[in-house]
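Worth knowing before you read on, the calculation uses all heavy atoms, side chains too, and leaves out hydrogens, waters and symmetry mates. Every chain is numbered from 1 and lettered A, B, ... according to where its sequence line falls, protein lines coming before strand lines.
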Amino acid sequence: MLQVAFIRENKETVLKGLAKRNVKNAEELVAKTIAADEERRATQTASDAILADLNKLAKDIGQLFKAKEVQKAEVLKQKTVVLKEKSKELADKLQNITTELQELLYLIPNIPAEIVPAGNSAEDNLNIFQKGEIPVLHEGALPHWELAKKYDIIDFELGNKITGAGFPVYKGKGAKLQRALINYFLDKNTDAGYDEVQVPHFVNEDSAYGTGQLPDKEGQMYHDAQDNLYLIPTAEVPVTNIFRDVILKESDFPLCKTAYTPCFRREAGSYGADVRGLNRLHQFDKVEIVRIEHPSKSYEALDGMVNHVKEILTELNLPFRILRLCGGDMGFTSALTYDFEVFSTAQDRWLEVSSVSNFETFQANRLKLRFKNSEGKSELAHTLNGSSLALPRILAGLLENCQTPEGIKIPKVLIPYCGFELIN
RNA sequence: GGAGAAAUGGCAGAGUGGUCGAAUGCGGCAGUCUUGAAAACUGUUGAGGGUCACACCUCCGGGGGUUCGAAUCCCUCUUUCUCCGCCA
């Protein structure tokens with residue numbers, strides 16, 4: 001959520017940013033927000049004035065009672081009646097306008113960074129880096145879901161039976177390879193200075209609002225209505241919320257966390273060929289990195305995260321590219337996002353395996369995540385996160401790109417983690 | 001799940017209807033002293049809104065209520081602790 005004061009004072013910047021995202025009715029949205037903010041402040045001022053009067057009267061009445069001047073006190077008491085009525089009225093109005101303002105603010109996405117390209121869709125994303133050779137597969141090479149079946153390492157039907165579509169069962173070397181990947185990713189992250197945390201897989205409403213999943217993505221999360229808890233769609237939510245309602249010292253920066261969690265996504269409305277096999281699941285494993293940074297350092301940190309993920313993909317020897325997302329394709333809360341895509345050779349398509357973003361103060365504002373700056377004033381921190389990495393599509397890429405007539409050749413770095421070199 | 005107790009500033013801990021945004025101690029920061037440090041002493045030290053700056057307003061776990069006036073009384077929710085039950 002953007003700060004109202006920022007919108008008020010930087011109307012043009014906001015409009016320009018929204019234009020880059022192709023937000024419809026941006027003019028109207030911003031105008032309404034500014035109007036609501038003005039009304040809110042005017043109402044608050046009026047309400048405060050009456051409250052001040054009431055406070056004064058209450059104090060005077062107290063004095064009079066003490067002085068045993070009951071008559072005079074009763075007279076003043078009468079005077080409060082009208083004021084209280086007015087105050088109630090204004091308080092209601094204040095509440096309404098505050099809610100209205102809040103709802104408007106929830107509709108405004110983050111302002112894209114300067115270098116974010118304009119554009120409407122994935123077509124307009126900027127390919128800024130590509131590495132790794134796309135292997136030429138042998139005759140009869142298979143897509144990963146066929147390989148999974150052939151070697152009996154992932155059982156989609158079994159998952160269907162137990163739960164439903166999008167909940168696969170990993171078996172044997174498949175299960176072990178998953179575990180190996182998780183450990184390898186976590187080790188890479190902790191070696192790079194990220195503190196490992198284990199967090200709840202359910203979050204409450206406040207947390208879901210804190211990182212921006214609510215109210216924009218309500219339908220994407222599994223919801224336990226009985227206890228009003230949400231299954232996490234990403235570790236970003238619980239991990240970033242560690243810092244909700246926190247005031248840091250400048251010396252606390254940078255705060256770097258990593259966590260492995262399963263992720264749960266309803267993915268309502270997405271069916272078809274794109275979701276075959278491991279391409280899109282309702283439950284999948286992911287290792288996440290999260291950073292809390294001083295505003296002056298956050299873009300440096302973002303570059304660091306990008307390089308970190310780059311290194312992992314290079315070690316895995318997978319062909320990948322990095323995209324700088326365009327305004328139209330970027331997430332609601334992000335100011336700048338880099339997507340990492342691995343090439344799925346047998347499917348002849350790129351699969352997103354990581355998304356690394358700087359949210360600047362957008363999440364911090366909702367989270368009330370601040371720090372004391374050098375002048376002793378509270379200032380919003382910057383939050384960042386990225387996948388490092390999402391498991392299923394990495395697995396898909398590995399299976400497809402590393403297949404040989406003899407079997408799947410495990411990348412060198414993973415062999416110590418899984419204890420075998422070949423799936424056959 | 002049942003019974004009881006509790007929730008106050010970074011921490012500890014007073015405060016049971018008005019003078020309380022809140023005593024006191026510890027911690028933090030600044031200063032005096034010192035070659036420097038420690039100790040001692042002095043001052044300062046919650047968040048948000050609002051204002052050019054003041055004034056002023058809100059916040060004592062969350063929400064609601066009683067009252068001219070609530071940290072203090074009532075209702076409700078949440079959390080923590082103790083006892084009982086259940087249990088990986």
Strictly distance-based, threshold 3.5 Å: is any side-chain N or O of [X] a donor or acceptor partner for the main-chain N or O of [Y]?
| X | Y | answer |
| --- | --- | --- |
| A/D155 | A/L158 | yes |
| A/D224 | A/N228 | no |
| A/R265 | A/P233 | yes |
| A/S334 | A/M330 | no |

Nucleotide paired to [N] in any strand shown, Watson-Crick or G-U, under 3.5 Å:
| N | result |
| --- | --- |
| B/rA37 | none |
| B/rG21 | none |
| B/rC59 | B/rG46 |
| B/rG4 | B/rC81 |
| B/rC26 | B/rG10 |
| B/rG69 | none |
| B/rA88 | none |

Same-atom distance ([atom1]) from [N] to [M], integer angstrom:
| N | M | atom1 | value |
| --- | --- | --- | --- |
| B/rU58 | B/rG65 | P | 16 Å |
| B/rG64 | B/rG46 | P | 27 Å |
| B/rG48 | B/rG43 | C1' | 26 Å |
| B/rU44 | B/rU35 | P | 28 Å |
| B/rG13 | B/rA22 | C1' | 12 Å |
| B/rU67 | B/rG28 | C1' | 40 Å |
| B/rA71 | B/rA7 | P | 15 Å |
| B/rU72 | B/rG9 | P | 15 Å |

| request: Assign the ring pair A/Y222 / A/F167 to parallel, tilted or perpendicular, where the plane angle (0 to 90°) is split at 30° and 60°. | output: tilted
| Hey, what's the ring geometry for A/F332 with A/F362, parallel, tilted or perpendicular (30° and 60° as the breaks)? |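 Perpendicular, since the angle between the ring planes exceeds 60°.
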| Ring-face cation of A/K310 near A/F340 (centre distance under 6.0 Å, axis angle within 45°) |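 Not flagged: A/K310 not positioned over aromatic ring of A/F340.
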With a 4.0 Å cutoff (strictly under), does any side-chain N or O of [X] reach OP1 or OP2 of [N]?
| X | N | result |
| --- | --- | --- |
| A/K84 | B/rG69 | yes |
| A/S378 | B/rG48 | yes |
| A/N55 | B/rC56 | no |
| A/R40 | B/rG49 | no |

| So what does A/L57 touch, heavy atoms closer than 4.0 Å: a base, only the sugar-phosphate, or nothing? | nothing
Could you state the [atom1]-[atom2] distance from [X] to [N], rounded to the nearest angstrom?
| X | N | atom1 | atom2 | value |
| --- | --- | --- | --- | --- |
| A/K372 | B/rG9 | NZ | P | 16 Å |
| A/R370 | B/rG46 | CZ | C1' | 11 Å |
| A/M1 | B/rG48 | CE | C1' | 13 Å |
| A/K368 | B/rG48 | NZ | P | 10 Å |
| A/E205 | B/rG62 | CD | C1' | 13 Å |
| A/K56 | B/rU19 | NZ | P | 14 Å |
| A/K377 | B/rG48 | NZ | C1' | 14 Å |
| A/D60 | B/rU19 | CG | C1' | 13 Å |

| message | Both A/T45 and A/G62 contact RNA chain B. Which one's nearest nucleotide lies toward the 5' end? | response |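 Its nearest nucleotide lies further toward 5', so the answer is A/G62.
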| If each of A/S47 and A/T80 is mapped to the nucleotide of RNA chain B with the nearest heavy atom, which maps nearer the 5' terminus, i.e. the 5' end? |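 Nearest nucleotide further toward 5': that of A/S47.
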| Nearest-neighbour nucleotide for the A/I247 side chain, B/rC68, B/rA47, B/rC57 considered |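 Nearest to the side chain of A/I247 among the choices is B/rA47.
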| Quiz item: A/K66 side-chain donor-acceptor pair to B/rU19 base, under 3.5 Å |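 Counting by modelled atom types and ignoring angles, a donor-acceptor contact under 3.5 Å is found here.
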